[in-house]
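Just so it is clear, the model here is predicted, and its values are computed rather than measured. The sequence lines fix the lettering, A, B, ..., with proteins before strands; numbering per chain opens at 1.
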Amino acid sequence: MKRLETDVVIIGGGATGAGVFRDCCLRGMRTILVERNDIATGTTGRNHGLLHSGARYAVTDGHSATECIRENRTLKHIASHCIENTDGLFISLPEDGLEYQAKFINGCARAGIPTEILTPEQALRLEPVVNPSLIGAVRIPDGTIDPFRITSSNILDGREHGGTLLTDTRAVGLIIQQGQVAGIHCLDVRTGERYEIRAAQVINATGAWCHEIMEYADLSVDMYHSRGALLIMGHRMNGMVINRCRKPGDSDILVPGDTVSVIGTTSTHVGRNELENMEVTDEEVRVLLEEGCKLAPSMASTRILRAYCGVRPLVSTSSNGSDRTISRGLVAIDHADSDNLPGLITITGGKLMTYRLMAEVATDMAAKHLGISKACTTASVPLPGAQGDDRANSQSWSLPNTVSGSAVYRHGDRARNFIKEEDKNKQTDLDKQESSPRWRNAVVCECEVVTRGEILYAVDKLNARSLSDLRRRTRIGMGPCQGEMCACRTASLLAATRSDVVSPLKALHEFVDERWKGVRPVLWGDGLREAEFSYWVQEGLLGLGSLKSDQQNDQQNDQQNDSEALIANAVDACAADETLSGQQAEQRAEQGEVV
Amino acid sequence: MRRQCLVIGGGLAGLVAGIRCAEAGLKVAVVTSGESGLAFASGAIDVLGYMPSAAGVHLNEPVSRPFEKIDELAEYFPEHPYARIGRDGVYKAMDWFHGQLAETGLSMFTASDEQQNQWRVTAAGALRPTWLSQSVAEVLPWDLQNVKRVVFVNISGFLDFLPELAASGLKRHPAFRNSQVEALNIELPLVNGMGATADTMRAPQLCRALGEKDFNIIASTLMEKVQDASLVVMPACLDSALDSLHLKELRRRTGLNIIDVATLPPSLPGIHMQQALQHRFAALGGFLIPATGIRHGIIENGRVFNVSNGEDLLTADHYILASGGFFSKGLNVRPDLNAEQVFSEPLPVKEPIFGLDLNTPEQFSERKFLSRTGHGFIRAGVRLNRDHQPMIAGQPLTNLHVAGTVLGGCDPVQECSGGGLSISTAWQAAAKVIADIEAAGEKA
């Protein structure tokens, strides 16, 4: 069996895992990150994208509020290309009263969050979409953060500092020898290949799924899985984040981001068996719209693009209480101390805002065991993309503002790696390898202004291996048309240039179904018009569905079942493996025997 | 001027209804809100490509002789619009339509046996059965035997044709497993493009940008690189006129079996068909009222009295509703956020102009977008009584006739039947209007 050796192996490619990856690499550890799907596909990719100021927690959870405002300032420094400094409003409606506002301002003061009290007229001038019946508003330094981009930037930096990313790779067991964790058993989900990664430290950064990894070592944790649903509106309605100034509740934050606005969230407890393939319910859509319209009444007549939901990885500290009362604080467990099982560290709880801090805490634990004294620098060294001011430079590119602006907005200073400049002396890697670089700036996705160059860059440098991966790296197919034409164009582009990494037809079908999953819960009005149009184009005009014959369909289902069975078998095999003595397992491994 | 017939909707069904009425000498107007679905259609006309079944369509058995299958279809699916028209009616309508197009200068061809379907190649490399094709007929044999080499040829940089995807798509077809299928991109100067590059163009712009030098390069490249190809598939961007002269000339010069297929929207073959039908309608004395969206109708004593765009009233003796599906706003769904139960099942589909009674599917959509079963919303549409009349709360409207996609009752996308359905239902609606007017005249 294949075996890799490293210092640290991280399980989980969400924001936290990516943060740990970067931190470990910057501190000089040999690091591998395994992710069963693509980066930012779990909780990270399924939230508001709110850069909290901490104000939301100022009254109920002072500790989280303090953490938030500190990280808020840090992230604005290290990840400027992933962040918009929009500021936010906490509005009080007649039904809320102003009593809470006083508590709120006190709480913010205690946490060190600056506030500015506004009159309703001032608030409306700043943010005209706000409910005009408001009786008061407070301005706080909320912002927006792109969760895909920040995860990708952390991964990129880690890889540029020697780290290895393995996506589509599932951890199916822990290697436990002589009472300590010595690595993981992996399964390459694409090829079905099983192998081992030997590591001195295993960091479990699987968030809401962390109990699964812990169970490989017969450990348990009391997770409280809280599901949150959100709606994406068809255009950007608001410039500033809008919150309700009351105890945190359902659907009381409207966050602008890129070209859209997101309203959320709900909060429902879900069992640990319900974490996969969650679909938004009609009731969730109803609550989100009803409450959302109180923040911004024009939402009632705005197109809804899609609905989605994620699950918060909360850790219960007491047996009673709903999730809104459980701390959003991070939970870091060094199992050497807590369970007498050296070699395993679990980092969970927390939230996107504190991903960097969580990463620092977990990396500190690993560093201590490895005897590495180099201090954490992730709070001061900017991420790739935030290392220069290319907003200014992009003005000199002979390109429409929409093209250069979108590229820089998404990739910061790294945009120059794929934008084709007229100046022949400035050659990028892409220039050298491409036969016809003059099509680099061709706009493939009009809604989000994604160019051919950006797509190829994401495949080559950002480990995108499918259209859905590309969506997370570039926003392709995220706009009003939901990838109706650009998905086909991109598939053809990949077939022409990168068919060794991506299987274009399969990727296209997967992408179309993934987009549809989010549209279906809100299938009415203009969204339905768009869906019918897409159906006529993709199925009627192009006949995409028939590119899978019945036989191939069946085969594909079998394959899917196969891969599920493969994972189940692999997990079982590993579990059996652990019952052998460490020495036996060692021998088997050395003989290269497949177990 | 008193109109005898007002057609609401200027898509395929609306224009066909208008032409049929005008041809019969009626004073007829077609009122249209804007561009129709024709602008993104393939430009080919399907009649029936796959037989529907309870669980979708039989994809493995394409229908080879569509008209002969209509009786069987009617037996199993009495609510299908074809069932109300019947085999002879559908054939008459389609044959008439073919004749009307011949008058416009837009050449369309059946297979050599005119009862037989032929293959349409798509820009993604799929094969769809169709009845009439634009510019060239029967480019592939129906049994798909002995097709040795297929080349998808694009203009470099043009984004709305998908040669590499098409090559891998066609390669998946069992009949092409041993064929050579590939993509070729030709760099062109685009002499009439005024410096703009192909990546910034949709098909109509690209068409205008091509000049003689470009055609020369295309011809010489094809002769040099793909001389032995059984079939060369190009994006439909060669001809701005209806006569396909450039394509014919390219075929003559190279001796190759070249076809041009509809690109991503907007598609030239679709636009050409729209132009041809509009010209024909005008030539027959029909009156087109553009940029006018009809918003509601006024009903009196079981008859449509007039219709309004919100400002002006339009009046006629008879009305034909050909307002299309959801995309064209002939149907809509808008949950009432103030209602007790916001999301009633099934979702409340409405026909917004008259508020006609509808058939709504139990299952509105499927979990997979490209589902073999087809989506319920595609089948939603106006319910007709035994006399083919639409109803409001069960009460029939005697001077309103319904045609095209707004009828629903089947899945034209999965069946490959969209063109035939629009044409034959419109032909039938117009025939009813003509017959009613004649009967009224005799009475008078």
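The structure places CG of B:Leu370 at 9.5 Å from CG of A:Leu547, a figure rounded to the nearest 0.5 Å. Between the CD atom of B:Glu164 and the OG atom of A:Ser499 there is a distance of 9.5 Å, given to the nearest 0.5 Å. Between atom SG of residue A:Cys488 and atom CZ of residue B:Phe161 there is a gap of 13.0 Å, rounded to the nearest 0.5 Å. If you take CD on A:Gln538 and OG1 on B:Thr122, they are separated by 11.5 Å, rounding to the nearest 0.5 Å. Atom CG of residue A:Leu528 and atom CZ of residue B:Arg334 lie 10.0 Å apart, to the nearest 0.5 angstrom. Considering CG of B:Leu162 and CG of A:Leu493, their distance stands at 10.5 Å, rounded to 0.5 Å.
Contact tally against chain A (heavy-atom pairs below 4.5 Å) for B:Pro163, B:Ser156, B:Ser168, B:Gly418: the top residue is B:Ser156. Of all the listed residues (B:Ala198, B:Ala262, B:Ala44, B:Ser365), the one sharing the greatest number of non-hydrogen pairs under 4.5 Å with chain A is B:Ser365.
In this structure the side chain of B:Pro265 reaches within 4.5 angstrom of the side chain of A:Phe533, judged on heavy atoms. The closest side-chain heavy-atom distance from A:Trp516 to B:Lys368 is not below 4.5 Å. Under the 4.5 Å side-chain criterion, counting only non-hydrogen atoms from C-beta, B:Thr197 is in contact with A:Trp439. For the pair A:Arg520 and B:Arg367, the minimum side-chain heavy-atom distance is below 4.5 Å. Side-chain contact between B:Leu159 and A:Val443: absent, with no pair of heavy atoms (C-beta onward) separated by less than 4.5 Å. The side-chain heavy atoms of B:Asp160 and A:Arg489, taken from C-beta on, include a pair separated by under 4.5 Å. A 4.5 Å side-chain heavy-atom check between B:Leu165 and A:Leu508 finds at least one atom pair inside the cut-off. Contact check for B:Gln414 versus A:Glu539: side-chain heavy atoms found under the 4.5 Å cut-off.
Only the side chain of B:Pro412 comes within contact range of chain A, with heavy atoms under 4.5 Å apart. For A:Glu530, no part sits under 4.5 Å from any heavy atom of chain B, backbone or side chain. With a threshold of 4.5 angstrom between heavy atoms, B:Thr263 approaches chain A through N, CA, C or O but not through any side-chain atom. If you measure heavy-atom distances from A:Glu510 to chain B, you find no contacts under 4.5 Å at all. Heavy atoms of B:Arg120 lying under 4.5 Å from chain A belong exclusively to its side chain. Neither the backbone nor the side chain of B:Ser267 comes within contact range of chain A; no heavy atoms are under 4.5 Å apart. Only the side chain of B:Ile378 comes within less than 4.5 Å of a heavy atom in chain A; its backbone stays farther off. Interface residue B:His375: backbone and side-chain heavy atoms are both found under 4.5 Å from chain A. Of the two parts of B:Ala123, the backbone and the side chain both hold a non-hydrogen atom closer than 4.5 Å to a non-hydrogen atom of chain A.
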- Test log, rule side-chain contact (heavy atoms from CB on, under 4.5 Å), inputs B:Leu264 and A:Leu542: CA-CA 8 Å; B:Leu264 290 176; A:Leu542 298 176; 3.8 Å; yes
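Contact annotation for residues 33-42 of chain B against chain A (heavy-atom separation below 4.5 Å, listed by residue number): B:Phe40, B:Ala41, B:Ser42.
Ring geometry for A:Tyr535 versus B:Phe369: interplanar angle over 60°, hence perpendicular rather than tilted (30 to 60°).
Ion pairing between B:Glu366 and A:Lys517 fails under the 4.0 Å rule for side-chain N and carboxylate O.
In this structure, A:Arg529 fails the cation-pi test against B:Phe326, since its NZ or CZ atom is not both closer than 6.0 Å to the six-membered ring centre and inside 45 degrees of the ring normal.
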